[in-house]
Amino acid sequence: MRFLISLFLFSTLISSAVGIVCPRGFSAVNNQKCLRAFTNNLKHLEAETDCSYLGGTLVTIKNAVENRGVANLAGLAGANNVWIGMFCFATGNTTTCYHDDNSGVVAYKSFASGNPAVQGNGGCIYMSTSGKTSGQWYSAPCEVIGMPFICEVPPTVYDATCTHNYNGYCYYPSFELTSGTTSTTYQKAQAICQSMGANMVSIHSKPEVDYIRALFLNSGVTNVFLGAQAFLPDTFDWVDGSHWDFDYTNPLAYVKGSCLQMDLSNRPNNGMWSETNCQLTNSFLCKKKISGAVAASTPQPMAGTVPAVVEARVNPKFHNALPHRQELLDFSNCNTTLYMAPGLITSFGYPNTKPPATYCTWRVVSLGPYRVALYFTDFSVYNPVYIYDEFGNLITSPGYNQSPFAILGPTNIVTLKHDSSYDGAYNYHGFSATVLPY
Ligand SMILES: *[C@@H]1O[C@H](CO)[C@@H](O)[C@H](O)[C@H]1NC(C)=O
Ligand SMILES: *[C@@H]1O[C@H](CO)[C@@H](O)[C@H](O)[C@H]1NC(C)=O
C-alpha cells in the first residue's frame with residue numbers, strides 16, 4: 001500500500017514536472033494548451049462570456065497539431081461542431097480573420113473550401129470535429145445557432161494551497177481573508193497583502209480583468225482598490241513593480257485621486273478603472289506569484305506556446321491631449337473599414353475649431369470575445385452622428401452639443417457616419433471618442 005501511494009505521488013510529481021499545469025477543470029492538450037470542452041449549446045457571445053469568466057477566450061489554433069488536439073478533445077466530449085476563438089470580418093478573405101487572444105491575423109488556416117463565407121458583416125468560426133470534415137473550419141452567423149465550445153486559459157503553476165490560481169498567480173479577494181478585514185484604506189490593504197507575501201493586484205490584460213470580475217461575482221462588492229498609486233497626476237505605477245503594459249481606465253471618469261479602483265457593479269461594461277482617494281475604505285484584492293518547488297522544476301514552455309495575453313498599451317486618459325497640430329494633419333481615422341479597438345476616433349480635422357466639410361464613415365471592431373464600447377469624451381456636431389450595429393440597424397443618432405456619454409455596441413462591430421458640412425459654419429467643433437472592448 002505504502003509502495004503504491006509513493007508510486008502514485010512519484011508519478012504525479014513527474015507528470016507535473018515535465019508538463020504544463022492547468023487550472024482545475026482544464027486539461028493539458030499536447031502539453032501546450034489548457035483547454036476545456038463545454039457541451040452545452042451556446043450562441044457565440046454567450047460562449048465567449050463563459051470563457052472570459054474563467055480568464056480565457058475560445059480556443060485559438062496556431063498549427064496543425066493544435067488543430068488535431070482540439071478536434072480530438074471535442075470528439076471525446078461528444079461534440080460534432082465547436083466554436084473556436086476566431087472572427088472574420090470579410091467573406092473569402094482570410095487576411096481579415098483574427099485570433100481571439102490578441103495575437104493578430106491568423107497564419108495557420110484550416111478553412112473548408114468556400115469559407116469564411118461571411119454573410120453581411122461579420123462571421124464567427126466553428127470547427128467540424130467528426131466525419132470526413134473533422135478539423136475543418138466554417139463560418140456561421142454568431143448569434144443564430146448555439147453549439148458546444150472549447151475554452152482556453154493560460155497555463156499556471158501548481159499550488160495546493162491556492163483557491164484562485166490563474167496564469168501563475170494566486171488571487172486573494174478581501175472578502176475571503178481570514179483576518180476579517182474586508183474593506184480598508186489603500187495603505188492598510190497593501191500591508192495586509194504584504195503580510196501574506198503578496199501585493200495588491202496589478203492587471204495586465206483584458207482576460208485578467210474578466211477573471212477578476214468573476215472572482216467578485218455575487219460577492220456584493222461593487223468596487224475594489226487596485227495596487228496602483230499615482231506618481232504624477234493621472235499617471236500610475238503598479239505597486240508590485242510590474243510594467244504598466246495595459247490600461248483599462250474609464251474614459252468618462254472625472255473624479256481625481258492618487259489611487260485606482262475597479263468598477264464591479266452590475267453594469268455590462270464593468271471592470272473599468274477610475275481614480276479614487278486612497279484614504280477611503282474599499283474592498284481589495286491581493287495577488288501573489290506562485291513559486292513552489294514544483295514551479296521551480298517546471299520547464300519553461302517554449303517561446304510562442306504561451307498565449308499572448310499582453311495587450312497594446314493604450315491610455316485613454318491621454319487621448320484628449322492631442323498632439324501638436326503641426327505634427328500630423330488628421331487623427332480622425334475617417335473612412336476606416338476595420339478600425340480595431342482599443343483606440344481613438346474623432347471627426348475629421350478635430351480639434352480644429354472650423355472643421356472642414358466632409359463625409360466620413362468609421363467601421364469600428366473589436367476581437368471576437370469583446371463587444372465595442374464608444375466613449376464620447378467631447379461632442380459638438382450640427383448634423384447627427386449616426387451609429388449603427390453590425391446589421392445596419394440604427395442604435396442612436398446624437399447631435400448638437402452633448403456632455404460625455406457612452407454607447408455600448410451589441411456586438412463586436414459598430415459603424416458611425418457623420419457629415420460635417422455645417423459643423424464649422426454653425427460653430428460646432430466635432431467629436432472625439434475612445435473605443436474600448438468590453
Ligand atoms: C483582403 O483584405 C485585405 C485587407 O482588408 C485587402 O488589402 C486585400 O486586398 C483583400 N484581398 C482580397 C482578395 O479581397
Ligand atoms: C470618405 O469617403 C467619402 C465617401 O466615399 C468621401 O466622399 C469623403 O471625401 C471621404 N473623406 C475623406 C476625409 O477622405
Side-chain angles (χ1 to χ4, degrees), residues 87-98 105 116 118-123 251 312 314 316 318-367 371-402 404-437:
F87 192 92
C88 297
F89 291 98
T91 289
N93 190 340
T94 53
T95 61
T96 65
C97 296
Y98 288 81
V105 174
V118 178
Q119 300 298 313
N121 233 343
V314 166
F318 301 124
H319 281 161
N320 283 336
L322 280 161
H324 299 298
R325 215 161 288 174
Q326 68 271 21
E327 286 176 6
L328 258 181
L329 290 173
D330 175 54
F331 292 94
S332 63
N333 291 302
C334 168
N335 288 343
T336 40
T337 53
L338 200 67
Y339 185 73
M340 185 74 74
L344 178 83
I345 59 173
T346 71
S347 52
F348 189 70
Y350 182 88
N352 194 328
T353 46
K354 286 280 174 218
T358 188
Y359 180 81
C360 288
T361 64
W362 298 261
R363 185 159 172 261
V364 180
V365 306
S366 58
L367 293 171
R371 292 171 284 177
V372 171
L374 301 165
Y375 299 92
F376 289 89
T377 51
D378 188 12
F379 195 88
S380 164
V381 295
Y382 179 76
N383 279 332
V385 175
Y386 293 96
I387 305 175
Y388 302 89
D389 70 12
E390 70 172 294
F391 308 107
N393 303 312
L394 186 66
I395 300 172
T396 180
S397 54
Y400 308 116
N401 290 310
Q402 306 269 350
F405 62 100
I407 302 294
L408 302 182
T411 67
N412 66 333
I413 301 176
V414 165
T415 302
L416 299 87
K417 297 184 176 170
H418 178 56
D419 175 357
S420 65
S421 299
Y422 299 103
D423 287 356
Y426 291 109
N427 291 320
Y428 291 91
H429 64 259
F431 70 84
S432 175
T434 299
V435 182
L436 289 179

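Note that ligands are numbered from 1 as they come in the structure, with each ligand's atoms numbered from 1 the same way. Remember, it's a predicted structure, so these values are computed and weren't measured experimentally. Every heavy atom of this structure was used, including side-chain atoms; hydrogens, water molecules and symmetry mates were not.
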Worksheet item: Between Trp362 and Phe431, does the ring centre distance come in under 6.0 Å?
Response: yes

Worksheet item: Hey, do the aromatic rings of Phe405 and Phe376 have their centres closer than 6.0 Å?
Response: yes

Worksheet item: Taking only residues two or more places apart in sequence, or in another chain, which ones meet Ser332 in a side-chain contact (heavy atoms from CB on, under 4.5 Å)?
Response: Asp330, Cys334, Thr346, Phe348

Need the list: ligand 2 N/O atoms against protein N/O atoms, distance under 3.5 Å, rounded to one decimal.
residue  : atom   : partner : partner atom : Å
ligand 2 : 2 (O)  : Asn335  : OD1          : 3.2
ligand 2 : 2 (O)  : Asn335  : ND2          : 2.4
ligand 2 : 11 (N) : Asn335  : ND2          : 3.0
ligand 2 : 11 (N) : Thr358  : OG1          : 3.3
ligand 2 : 11 (N) : Tyr359  : O            : 3.4

Worksheet item: For the ring-ring contact (aromatic ring centres under 6.0 Å, His included) test, which of Tyr400, Tyr428, Tyr382 pairs with Tyr422?
Response: Tyr382

Practice prompt. Ignoring hydrogens and angles, state whether a donor on the side chain of Asp378 or Ser432 is under 3.5 Å from an acceptor on the partner side chain.
Written response: no

Practice prompt. Flag this pair as yes if the NZ/CZ of Lys417 is under 6.0 angstrom from the six-membered ring centre of Tyr359 and inside a 45 degree cone about the axis; otherwise no.
Written response: no

